[in-house]
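Note sheet for the following structure.
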Amino acid sequence: MPMRFLLTLPLRALASVWPSVAVGAILVAYLAFASLAPQKTASLLGADPAALMRHPIALACGAWLLAAVIVSTIARVPFSVRAVGAWAAHAGFVVLAAGAAVNVLAGQRGQAVSYRTDHGWSEIDEFQLANSAALHVVAVSGAQDLAAMELPLDINPITAGGVQLGETQTAGGVAVEVVDFVPRAQIVQQWRDDSPLPMPAAVVGIDDGESSMRNVMCGWGKPAVTWEFGDVVVMFHGSADSEMAGRMLTRHPPEEICRGRDMLVLLSGQDVPLSLVILRADGQAELVPMSPGRAVTVKLAARTLNIAVDRLFTHAALHTAAVPSQDDLGVPAINVRVTWGDWRGAAALPFDPLGQFEQQAWLCGQQRALAMRFARRVVKLPHRLRIEKAEYLPSSDGKTAKDYRCDVLVDGAPAVIGLNRPLRAGDWQFTQGHWLDEADDPRMIMFEVSSRRGLTAIWTGLGLIAAGMFWAFFIKPMLAGKREGEQ
Amino acid sequence: MNTLAVLAQAPLWRQELQSVYEALGGSVWPLVLFGVSAAMGLARVVSNRLKRSTLCVFAASILFLAGVFVLRWIVSGRAWYLPPVMNQYEAMLASALLGCIVAMVLELRWRNGVALLASSLYAVMILLACRLVDGSLADHPGILDSPLMAMHVAIIIIGHAVAGMTLLLSYPYLFAVIWRSPGWPAKASVIAFQVAVIPGLIGWPALAFANPELRDVCATFAGATYLIAVAGMGALAFVTVSPRTDSAMLAGMDRANIILARIGCFAITLGTILGAAWGDVAWGRWWGWDPKETWALITIVLLLIALHVRPIAGERRGLITAVFCLLAAGAMLVNWIVVNYLLAGLHSYA
């Protein structure tokens with residue numbers, strides 16, 4: 001008898017109302033704390049703030065309540081016309097939970113980005129998976145044999161310990177080991193002249209009387225790098241030859257670079273001393289000799305600038321390390337160790353959740369430079385989508401957006417994506433996300449992408465809940481009242 | 001003030017209608033009408049008289065408020081499927097109107113005056129708070145331009161209005177039960193709690209006028225404080241003045257409470273489901289644990305607990321129902337105040 005009692009105790013507890021009320025109260029308290037103070041709740045539980053709703057406490061409470069719904073319905077509510085509502089609503093919760101579970105386990109969600117180029121909008125055939133982390137490694141400069149590659153680390157959220165520390169992953173001859181994960185990191189940077197590859201760079205300072213800025217200009221394998229200081233374009237060319245200096249003075253740079261603006265070109269090379277070429281918007285050009293550490297005053301049409309090259313590097317290397325941040329401004333980051341043949345290097349990579357701003361770390365190996373980014377996993381889409389036209393419609397007062405409309409081609413077929421008008425293609429849905437920079441002249445458009453495998457079950461469950469509640473709360477009492485009246 | 005920008009492009013007839021709307025909506029008449037309705041409702045519940053005249057005043061108040069609501073709908077120039085439920089002011093106005101319509105249906109069925117009294121008091125409190133909230137006719141963002149969204153908000157508002165009415169019933173019910181229990185500590189505790197509310201009655205409006213940036217938040221807090229204060233005053237009157245503070249009266253309040261809890265639970269659940277459907281269309285996801293969604297779920301769970309515990313609670317079922325209804329109404333107030341103004345999320349007004 002005691003054994004039988006013990007065996008049936010869990011079922012009895014599930015069929016009783018009071019234990020479930022207690023569990024429901026715990027769930028309510030948990031949800032309230034997690035919603036109002038997610039950071040405090042997370043630090044109290046040692047959990048990831050972004051994953052609080054998947055915490056064992058919430059999952060255990062949910063599982064108990066679901067089991068209680070099943071057991072108590074079977075044990076305590078005999079099926080009849082009067083009990084149809086209770087059965088439907090309770091079945092609805094089970095179907096809803098099953099659909100949500102399928103959606104979480106089999107569905108995918110993320111963002112797909114298209115950039116505007118001179119040739120139109122870039123094609124979308126992949127997206128960045130939400131709640132994932134991957135180390136992306138791209139070889140550049142003389143890397144024809146090494147295609148862009150990706151080293152996936154883990155699909156779990158990084159702050160939940162998803163990054164596999166100490167494990168070396170190899171691709172294309174590059175071995176990368178994640179040595180450290182810092183949840184709130186500050187990236188410490190130092191430039192040194194110790195790269196095995198020739199890598200020209202310059203520390204450039206500009207002062208216009210109102211503001212001053214300093215920037216390290218390094219092309220990372222490209223011949224030139226540009227920097228926009230207000231309406232002035234500054235270009236650094238670290239491997240210039242004497243011919244180039246002469247060419248600069250006689251031939252104006254392409255319009256897509258200067259776009260009618262004044263341009264300051266810093267030239268340096270093996271047989272070219274550091275010099276500044278001033279290319280004015282009106283087509284006038286002037287060459288000014290420079291020396292490191294000495295500022296040159298440049299009078300332009302709109303303003304006067306002081307420009308100085310504080311330091312020149314011939315073999316520039318950026319040494320970075322992620323250290324724990326002392327304030328709340330820290331970002332998740334990893335420290336990686338790279339082995340590339342005989343060459344070894346290290347770098348810190350901050351997590352780039354959008355993966356759109358090319359927040360990359362650069363390392364120069366013996367033969368080529370290496371770019372790495374710690375971002376989300378990139379997943380191929382079964383469809384190809386291209387934006388044909390992007391249109392922003394403001395409200396009558398111009399303060400709010402009435403619509404962000406994109407005319408797109410999906411696998412060659414025309415379609416529209418707008419506010420409240422998602423595009424559905426097979427299992428996949430595309431909805432409007434973000435437009436950058438200017439809404440009426442965007443450079444980048446991001447779509448929310450999702451495949452919702454359990455959605456039919458979810459809607460069925462929600463429909464059953466609503467119908468069951470309506471029956472149990474309103475129809476059943478009405479029928480009971482009518483029956484009492486008849487008696 | 002975006003009203004001017006909205007009206008600048010409106011046809012002449014709508015601009016003329018605007019002046020009518022401002023004269024009616026900006027006047028104290030809705031407040032006065034519902035105030036009279038509440039006073040007559042209290043007299044009707046206490047004395048069991050004035051049945052027909054109270055119902056007439058209540059109906060007139062609803063018609064007046066409905067007129068203001070429809071005028072705002074027309075003047076705003078929005079699509080026919082987009083009722084004025086797009087900001088805090090409109091949501092509050094709609095909650096008073098829809099709550100009173102639900103109460104009118106219940107009153108016509110029960111004819112005991114309880115739902116009428118609760119909804120009239122609720123409307124007075126909401127209309128008082130509305131006078132402090134920014135009520136300009138701003139253009140709404142395009143993402144809200146959806147019939148699904150309009151249905152979602154309207155049904156949720158009904159749920160919240162009904163939850164507010166359960167607060168006005170549950171509080172006096174608990175008050176009366178505690179008051180009737182033996183010993184002075186119980187009586188002292190309910191009076192002390194009620195006195196503690198008094199600073200808020202002056203403090204929130206004062207802060208609203210002193211700091212215009214916090215006006216909407218303070219106005220909503222003030223509304224919640226007035227709600228508790230009025231419920232408390234009603235309760236005090238109920239337990240001290242009324243000769244009908246008997247078990248039958250408490251049973252009537254309990255019955256009204258449970259039916260309102262059912263309506264509230266169903267409306268908030270259905271509204272949340274419609275919100276999920278709209279979220280899937282608008283944001284590409286049906287559920288995202290946004291604070292508003294989480295607090296709607298909390299309200300539903302609390303009301304479901306009240307409804308599930310009731311059949312097994314025996315003689316204390318009224319008390320337990322009232323406690324959980326109060327907690328659910330508290331969750332509803334958190335959703336309206338804390339989530340709308342103080343937390344960041346898709347539903348944030350901050």
Side-chain angles (χ1 to χ4, degrees), chain A residues 16-18 20-21 24-25 27-29 31-32 34-36 38 52-54 65 72 89 99-100 103 109 111 130 393-405 418-422 429-433 447-450 452 455 458-459 461-463 465-466 469-470 472-474 477, chain B residues 2 4-6 8-10 77 138-149 259 261-263 265-266 269-270 272-274 276-278 280-287 289-295 297-298 301-302 304-305 307-309 311-313 324 327 331 334 338-339 342-343 345:
Chain A
S16 305
V17 174
W18 290 113
S20 297
V21 167
L27 182 64
V28 163
L31 291 177
S35 160
L36 294 176
L52 278 178
M53 298 309 175
R54 294 191 296 272
L65 291 175
S72 63
N103 203 35
R109 196 170 57 80
Q111 285 84 31
L393 300 168
S395 64
S396 54
D397 62 0
K399 287 184 177 173
T400 53
K402 290 314 278 182
D403 203 356
Y404 291 93
R405 181 193 159 102
L419 291 184
N420 289 310
R421 271 174 302 168
Q429 178 171 282
F430 298 83
T431 43
Q432 279 292 359
F447 297 115
E448 299 289 329
V449 182
S450 54
R452 296 90 41 81
L455 206 64
I458 287 168
W459 295 138
L462 291 172
I465 291 170
M469 273 189 179
F470 188 75
F473 292 168
F474 309 116
Chain B
N2 293 325
L4 291 177
V6 172
Q9 298 177 352
D139 217 345
H140 62 279
I143 193 72
L144 302 181
D145 207 342
S146 155
L148 258 181
M149 196 286 311
I259 291 178
R262 280 180 191 158
I263 296 171
C265 185
F266 177 72
T269 306
L270 186 63
T272 307
I273 291 171
L274 288 168
W278 174 58
D280 187 54
V281 168
W283 315 109
R285 55 152 189 75
W286 66 281
W287 189 265
W289 294 110
D290 182 86
K292 195 89 172 175
E293 296 166 359
T294 307
W295 279 92
L297 180 64
I298 289 172
V301 171
L302 287 168
L304 283 177
I305 290 177
L307 296 169
H308 279 79
V309 166
I312 58 160
F324 279 104
L327 290 173
V334 169
V338 180
V339 174
L342 305 178
L343 292 183

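Here is the naming used below: chain letters follow the sequence lines, and residue numbers restart at 1 for every chain.
- For V301(B), the part sitting under 4.5 Å from any heavy atom of chain A is the side chain, from C-beta outward, and nothing else.
- Distance check, rounded to the nearest 0.5 Å: CH2 of W286(B) to CG of N103(A) gives 7.0 Å.
- Neither the backbone nor the side chain of L65(A) has a heavy atom closer than 4.5 Å to any heavy atom of chain B.
- If you take CD1 on I143(B) and OG1 on T400(A), they are separated by 12.0 Å, rounding to the nearest 0.5 Å.
- There is no contact between L27(A) and chain B, counting heavy-atom distances below 4.5 Å.
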(request) Test side chain to side chain contact (heavy atoms under 4.5 Å, CB included) on D145(B) and K402(A) and set out the steps. (result) CA-CA 8 Å; D145(B) 207 342; K402(A) 290 314 278 182; 4.2 Å; yes

(message) Evaluate L52(A) against W289(B) for side chain to side chain contact (heavy atoms under 4.5 Å, CB included), listing each step before the verdict.
(response) CA-CA 10 Å; L52(A) 278 178; W289(B) 294 110; over 6 Å; no

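- When heavy atoms are compared at a cutoff of 4.5 Å, I263(B) approaches chain A by way of both its backbone and its side chain.
- If you tally non-hydrogen atom pairs under 4.5 Å between each of I273(B), L297(B), T269(B) and chain A, the highest count goes to I273(B).
- Heavy atoms closer than 4.5 Å to chain B are found in the side chain of F474(A), but not in its backbone.
- Summarising the geometry of A282(B) relative to N420(A), their closest heavy-atom pair is CB-OD1, 3.4 Å, with the distance given to 0.1 Å.
- Both the backbone and the side chain of A277(B) come within less than 4.5 Å of a heavy atom of chain A.
- By the neighbour-count criterion of 12 heavy atoms within 6.0 Å, atom CZ of R421(A) is densely surrounded, having more than that number from other residues, nucleotides or ligands.
- Heavy atoms closer than 4.5 Å to chain A are found nowhere in A331(B), neither backbone nor side chain.
- The candidate from A32(A), P477(A), G24(A) with the greatest count of non-hydrogen atom pairs under 4.5 Å with chain B is A32(A).
- Every residue two or more places apart in sequence or in another chain that forms a salt bridge (Lys or Arg N to Asp or Glu O under 4.0 Å) with R452(A) is listed here: D280(B).
- Contacts between I458(A) and chain B at a heavy-atom distance below 4.5 Å involve the side chain alone, from C-beta outward.
- The heavy-atom pair separating G284(B) from S450(A) by the smallest distance is O-OG, 3.3 Å.
- Looking at L148(B), there are no atoms closer than 4.5 Å to chain A (heavy atoms on both sides), in backbone or side chain.
- Residue A466(A) touches chain B through both its backbone and its side chain, counting heavy-atom pairs closer than 4.5 Å.
- Between W18(A) and V309(B), some side-chain heavy-atom pair lies under the 4.5 Å cut-off.
- A tilted orientation is assigned to the rings of F470(A) and F266(B), their planes being inclined by 30° to 60°.
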